[in-house]
Amino acid sequence: MPERLVLIVRNPALAARVRRVAAAAGLEVEALAAPADLGGLGDRGDLSEQGPPTAVVLELELPGAIEAVAAAKRRWPATFLAGSVTLPDQELWLAARAAGCDLVLNHGALPARLRRRLAERAEGRALVPEPLRLAVKPVACEGDGLAGRAPDAPDGPIAVFSIGGALCAIRDVCPHAGASLADGELEGTVVTCPLHGSRFEVRTGRRLRGPADYPIRVYRAGRQGDELWVEVPREG
């Protein structure tokens, strides 16, 4: 089956340029109307035949874009996720990277960078490099609660929680004002920011209550003997 690029873009000029890039790389383009439609791809009967998308390109200002990125990265970790912005917006850029975007650029720069990444892929370089496994500094924990931290991870500190014997890892920076979520209260699978009360589901990163506007990044975590580890994405 031909590989495909999923396009969720309303800007006609950007859409046309991305289509040309995809065609040059031999990718079919599947256009979706809204970020929320991305979730439905995983439920379609033909997905097992097509496989996950090679790449997804979407406009980050569209409603639900950040949530769609986070869900797509959990479902398809090897899919290249590229987000486009109209104007510089540091908060949106940080939120997109935290959600799992592998590339965030403005409308004008994104197609050229995407073309280069796809050309490198044709030469044997992975679009999404294998993640980096880091050791986690454990903390005393009996039952559910904070199990450890990776304070020096490349994209910011990570908190690891133990919940029902399973490990869940999240970026340890509240997207609202930067407080450490490791210092927050964990109730079930929900952590509350100790500074302003934002609440997040630690298994998925989903924002349950503001003032934070965005979800938080989640990571794969595990245990090997007495050692804890977490996997973080490498820069492409």
Next item on the list: Determine, stepwise, if the pair Asp102 / Lys73 fulfils salt bridge (charged side-chain N to carboxylate O under 4.0 Å, His left out).
Entry: CA-CA 10 Å; Asp102 301 292; Lys73 183 54 74 172; 3.0 Å; yes
Next item on the list: I would like to know whether Asp172 and Arg149 meet salt bridge (charged side-chain N to carboxylate O under 4.0 Å, His left out); could you show each step before the answer?
Entry: CA-CA 8 Å; Asp172 191 20; Arg149 293 183 81 246; 2.8 Å; yes
Item checked: Full working for side chain to side chain contact (heavy atoms under 4.5 Å, CB included) between Ile8 and Leu62 -> CA-CA 9 Å; Ile8 312 172; Leu62 295 177; 4.1 Å; yes
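More than 12 heavy-atom neighbours from other residues, nucleotides or ligands sit within 6.0 angstrom of CZ on Arg74. In the displayed structure, Glu227 atom CD is contacted under 6.0 Å by at most 12 heavy atoms of other residues, nucleotides or ligands.
The distance from atom CG of Asp37 to atom CG of Leu58, rounded to the nearest 0.5 Å, is 11.5 Å. Here the straight-line distance linking atom CZ of Arg121 with atom CD of Glu123 works out to 12.5 Å at 0.5 Å rounding. Interatomic distance, His176 NE2 to Ile216 CD1, rounded to the nearest 0.5 Å: 14.5 Å. Here the CZ-CZ distance, from Arg209 to Arg199, works out to 5.5 Å after rounding to the nearest 0.5 Å. Between atom CZ of residue Arg117 and atom CG of residue Leu110 there is a gap of 11.0 Å, rounded to the nearest 0.5 Å. To the nearest 0.5 Å, the span separating OG1 on Thr86 from CG on Leu60 amounts to 9.0 Å.
Residues satisfying the salt bridge (charged side-chain N to carboxylate O under 4.0 Å, His left out) criterion with Arg203, sequence neighbours excluded, are Glu201. Applying the side chain to side chain contact (heavy atoms under 4.5 Å, CB included) rule to Ala177 yields the partners Leu195, His196; only residues at least two apart in sequence or on another chain are considered. Listed by chain and number, the residues in a side-chain hydrogen bond (donor to acceptor under 3.5 Å, both in side chains) with Ser198 amount to none (sequence neighbours excluded). Residues forming a side chain to side chain contact (heavy atoms under 4.5 Å, CB included) with Ala68 (at least two apart in sequence, or on another chain): Pro35, Leu38. The side-chain hydrogen bond (donor to acceptor under 3.5 Å, both in side chains) test applied to Arg206 returns no partner, not counting sequence neighbours. The ring-ring contact (aromatic ring centres under 6.0 Å, His included) test applied to His107 returns no partner, not counting sequence neighbours. Not counting sequence neighbours, Glu185 has no partner by the side-chain hydrogen bond (donor to acceptor under 3.5 Å, both in side chains) test. A search for side-chain hydrogen bond (donor to acceptor under 3.5 Å, both in side chains) contacts involving Arg220 returns Glu231, not counting sequence neighbours.
Hydrophobic cluster of Leu167: the remaining members, joined at side-chain heavy-atom separations below 4.5 Å, are Leu132, Leu134, Val136, Ile158, Val160, Tyr219, Leu228, Val230, Val232, listed by chain and number. Counting Ile, Leu, Val, Met, Phe, Trp and Tyr side chains that sit under 4.5 Å apart, directly or through other members, Val190 shares a hydrophobic cluster with Leu208.
Asn106 places no side-chain N or O within 3.5 Å of a backbone atom of Val85 that could act as its donor or acceptor partner. Although no hydrogens or angles enter the test, the distance criterion places no donor-acceptor pair under 3.5 Å between the side chain of Arg171 and the main chain of Gly156. A donor-acceptor pair under 3.5 Å is absent between the side-chain atoms of Arg10 and the main chain of Ala15, judged by distance alone.
Pairs of residues two or more places apart, or lying in two chains, never qualify as salt bridge (Lys or Arg N to Asp or Glu O under 4.0 Å) while including a residue from residues 54-65. For residues 17-26, no residue pair satisfies the side chain to side chain donor-acceptor pair (under 3.5 Å) rule, not counting sequence neighbours.
The side-chain heavy atoms of Val202 and Ile163, taken from C-beta on, include a pair separated by under 4.5 Å. Side-chain contact check for Leu5 versus Phe80: every heavy-atom pair is 4.5 Å or farther apart. Side chains of Leu127 and Thr54 form a contact here, defined as non-hydrogen atoms less than 4.5 Å apart. The closest side-chain heavy-atom distance from Leu27 to Leu118 is below 4.5 Å. Contact annotation: the side chain of Lys137 approaches that of Pro151 to within less than 4.5 Å [non-hydrogen atoms, C-beta and beyond]. Put simply, the side chain of Leu181 reaches to within 4.5 Å of the side chain of Ile170, judged on heavy atoms.
Listed here is the closest heavy atom pair of Gly178 and Val173: CA-CG1, 3.6 Å. What you find for Leu14 and Ser84 is that their closest heavy atoms are CD2-OG, 3.5 Å. Residues Val128 and Pro77 approach most closely at CG1-O, 3.7 Å, considering heavy atoms. A pairwise comparison of heavy atoms in Tyr214 and Phe200 identifies O-CE2, 3.5 Å as the closest pair. Taking each heavy atom of Leu81 and Gly100 in turn, the nearest pair found is CD1-O, 3.9 Å. Heavy-atom minimum distance, Pro111 versus Val18: CG-CG2, 4.4 Å.
Follow the hydrophobic side-chain contacts under 4.5 Å out from Val218 and you never reach Trp229; the two are in separate clusters.
Ion pair Arg4/Glu28 not flagged as a salt bridge, since none of the NZ, NE, NH1 or NH2 atoms sits closer than 4.0 Å to an Asp/Glu carboxylate oxygen.
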